[in-house]
Amino acid sequence: MNPLQNPLHPDRNLGMELVRATEAAAIRSYQLIGKGDKMAVDGTAVDAMRAFLGTVSFRGTVVIGEGEKDAAPMLFNGEVVGNGTGPECDVAVDPIDGTSLAAAGRQNAVSVIAVSDRGSMLDASSVFYMDKLVTGAEGVGVVDIRLPIAENIRLLAKAKGKSVNEMIIAVLDRPRHAALIQEIREAGAGTRLLLDGDVAGGIHAARYESRIDMCVGTGGSPEGIVTACAVKAFGGVVQGIMRPKDEAERDRGLDAGLLMDHVYEINDLVTSDNTIFVATGVTDGGLVEGVRRKGPIIRTDSIILRGLSGTIRRVSADYRADRWL
């Protein structure tokens with residue numbers, strides 16, 4: 001049966017229900033933006049998201065939980081969310097992707113939820129980091145994470161009909177990426193250095209109208225799964241290789257069934273095309289605008305991506321401020 005017609009699969013309306021949870025997390029975090037308290041931002045967003053997820057008509061199991069890396073408040077792996085009716089889903093959450101950005105008042109903090117058919121998301125939580133490469137549809141069958149970055153840039157530039165010196169590559173601005181950044185620039189391409197939030201960076205790399213052509217580097221493996229759910233809507237490329245920090249983590253990953261020194265393709269990270277990705281802006285960014293107070297209202301800006309249909313929806317919502325702040 002076509003999942004579009006099967007009520008046991010995530011459906012079109014589920015994205016419109018889920019966006020209420022990301023909107024709530026963003027709004028509740030609004031008064032903490034720029035106050036310097038990362039844990040308070042995260043805790044407030046988690047509480048708001050959990051409350052609204054409980055009203056959504058689905059039976060969700062959290063596969064990618066928030067807070068795993070730094071003991072922050074969290075929606076934990078294995079937690080059951082939703083009102084118990086409707087489709088069974090895997091759920092990935094990040095109430096604030098970019099908590100440090102929000103706490104500092106910087107751009108590109110977003111609230112994120114991704115869902116897919118139950119049992120389709122790779123549980124990569126036992127290994128926290130992976131090498132990642134993300135492009136749009138032009139990169140399918142063209143790029144390979146095992147190749148030198150200069151070669152991938154050249155190949156993708158040719159596929160996109162651009163010169164190498166027009167290419168922009170997004171990379172998290174971390175000391176571990178110093179050599180990678182140098183290689184990108186020596187190849188003749190430019191860089192877009194991200195302070196945080198590589199989910200948004202990956203989505204930008206996959207969007208056809210984006211100035212960013214590719215997103216690369218070592219980042220969170222849970223974020224790689226979330227990015228794969230989103231990029232399904234664009235028909236793009238997500239590749240990842242697990243990067244355990246030590247032998248103990250490597251052994252935990254092997255015990256959990258993860259493959260080391262293996263290229264995970266987008267369909268390995270999320271085996272179903274029936275994905276929904278929802279993000280609401282907390283602070284302003286290229287993907288969505290941040291929460292704004294406009295007199296008696298609070299305005300949110302969100303995006304909903306659906307993998308199966310390739311649908312991209314923009315959602316703007318106004319809330320009465322006196323009901324929230």
Side-chain angles (χ1 to χ4, degrees), residues 1-29 42-68 72-97 110-125 199 222-223 225-230 232-233 269-282 288 300 302-309 311 313 315 317 319 323-324:
M1 181 181 291
N2 185 339
L4 289 170
Q5 300 171 335
N6 188 345
L8 298 181
H9 289 272
D11 60 23
R12 293 177 180 141
N13 293 329
L14 186 56
M16 297 303 294
E17 290 191 63
L18 291 170
V19 76
R20 295 167 56 243
T22 55
E23 287 171 352
I27 292 171
R28 289 298 190 198
S29 305
D42 217 19
T44 298
V46 167
D47 289 344
M49 181 173 282
R50 177 181 279 116
F52 272 80
L53 281 176
T55 71
V56 176
S57 298
F58 76 143
R59 291 168 286 171
T61 300
V62 176
V63 175
I64 303 296
E66 194 273 343
E68 296 282 323
M74 59 191 292
L75 281 150
F76 58 85
N77 284 13
E79 181 171 351
V80 177
V81 295
N83 66 11
T85 66
E88 293 188 20
C89 304
D90 284 350
V91 182
V93 295
D94 200 342
I96 304 289
D97 178 34
V110 294
S111 179
V112 170
I113 297 173
V115 303
S116 63
D117 294 330
R118 183 73 181 112
S120 62
M121 283 188 194
L122 179 70
D123 182 355
S125 59
V199 172
E223 288 85 349
I225 311 303
V226 174
T227 302
C229 286
K232 291 263 186 175
L269 298 172
V270 185
T271 59
S272 172
D273 288 334
N274 199 29
T275 60
I276 296 172
F277 170 91
V278 179
T280 298
V282 178
V288 283
T300 60
S302 305
I303 188 170
I304 301 173
L305 308 175
R306 188 155 191 259
L308 191 65
S309 60
T311 305
R313 287 186 173 88
V315 179
Y319 288 84
R323 300 288 179 91
W324 287 83

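Sequential numbering from 1 along the given sequence is applied to the chain's residues.
Partner of Val115 under the side-chain contact (heavy atoms from CB on, under 4.5 Å) criterion, chosen from Val91, Val63, Val56: Val91.
Looking at every heavy atom in both residues, Ile64 comes nearest to Ala124 through CD1-N, 4.3 Å. Nearest heavy atom pair, residue Ala114 against residue Cys229, reads CB-CB, 3.7 Å. Closest approach of Ala24 to Ala48, counting heavy atoms only: O-CB, 3.7 Å. Pro95 and Ala25 make their closest contact through O-CB, 4.1 Å (heavy atoms, listed as atom of the first residue, atom of the second, distance).
Looking at residues two or more places apart in sequence or on another chain, you find no side chain to side chain donor-acceptor pair (under 3.5 Å) involving Asp97. Among residues two or more places apart in sequence or in another chain, the side chain to side chain donor-acceptor pair (under 3.5 Å) test is passed with Thr300 by none. Under the rule for a side chain to side chain donor-acceptor pair (under 3.5 Å), the partners of Asp123 that lie at least two apart in sequence or sit in another chain are Ser125. With sequence neighbours left out, Ser120 forms a side chain to side chain donor-acceptor pair (under 3.5 Å) with Ser116. With sequence neighbours left out, Phe58 forms a ring pair (Phe, Tyr, Trp, His ring centres under 6.0 Å) with no residue at all. For the side chain to side chain contact (heavy atoms under 4.5 Å, CB included) test, no residue two or more places apart in sequence or in another chain qualifies with Ala51.
Here CD1 of Ile304 is found 10.5 Å from CD of Glu17. Values are rounded to the nearest 0.5 Å. Separation of atoms OG1 (Thr311) and CG (Leu305) is listed at 9.5 Å; rounding is to 0.5 Å. Note: Ile225 CD1 to Leu269 CG = 4.5 Å, rounded to the nearest 0.5 Å. Distance CZ/Arg20 to CD1/Ile27: 11.0 Å, rounded to 0.5 Å. Interatomic distance, Asp273 CG to Thr275 OG1, rounded to the nearest 0.5 Å: 7.0 Å. For the atom pair OG1 of Thr280 and CD of Glu23, the computed distance is 5.0 Å after rounding to the nearest 0.5 Å.
With hydrogens and angles disregarded, a donor-acceptor distance shorter than 3.5 Å links the side chain of Asp90 to the backbone of Gly119. Checking side-chain atoms of Arg306 against main-chain N and O of Ala233 turns up no donor-acceptor pair under 3.5 Å.
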Q) Run the side chain to side chain contact (heavy atoms under 4.5 Å, CB included) check on Ile276 and Cys89 step by step: do they pass? A) CA-CA 10 Å; Ile276 296 172; Cys89 304; over 6 Å; no
**Q.** Worked check of side chain to side chain contact (heavy atoms under 4.5 Å, CB included) between Val226 and Phe277
**A.** CA-CA 8 Å; Val226 174; Phe277 170 91; 3.6 Å; yes
Q | side chain to side chain contact (heavy atoms under 4.5 Å, CB included) between Val62 and Val81, intermediate numbers included | A | CA-CA 7 Å; Val62 176; Val81 295; 4.2 Å; yes
Q: Could you check Val93 against Arg50 for side chain to side chain contact (heavy atoms under 4.5 Å, CB included), going step by step and ending with a plain yes or no?
A: CA-CA 10 Å; Val93 295; Arg50 177 181 279 116; over 6 Å; no
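You'll find the side chain of Glu223 stays beyond 4.5 Å of the side chain of Val112, heavy atoms only. Between Val288 and Val110 the shortest side-chain heavy-atom distance falls below 4.5 Å. Looking at Lys232 and Val270, their side chains come closer than 4.5 Å, going by heavy atoms from C-beta outward. Contact check for Thr271 versus Leu122: no side-chain heavy atoms found under the 4.5 Å cut-off. The shortest distance between side-chain heavy atoms of Leu18 and Leu14 falls below 4.5 Å.
Between Trp324 and Tyr319, the angle of the ring planes goes over 60°, which puts this pair in the perpendicular group of the 30/60° scheme.
Side-chain atoms of Ser272 and Asn274 include no donor-acceptor pair closer than 3.5 Å.
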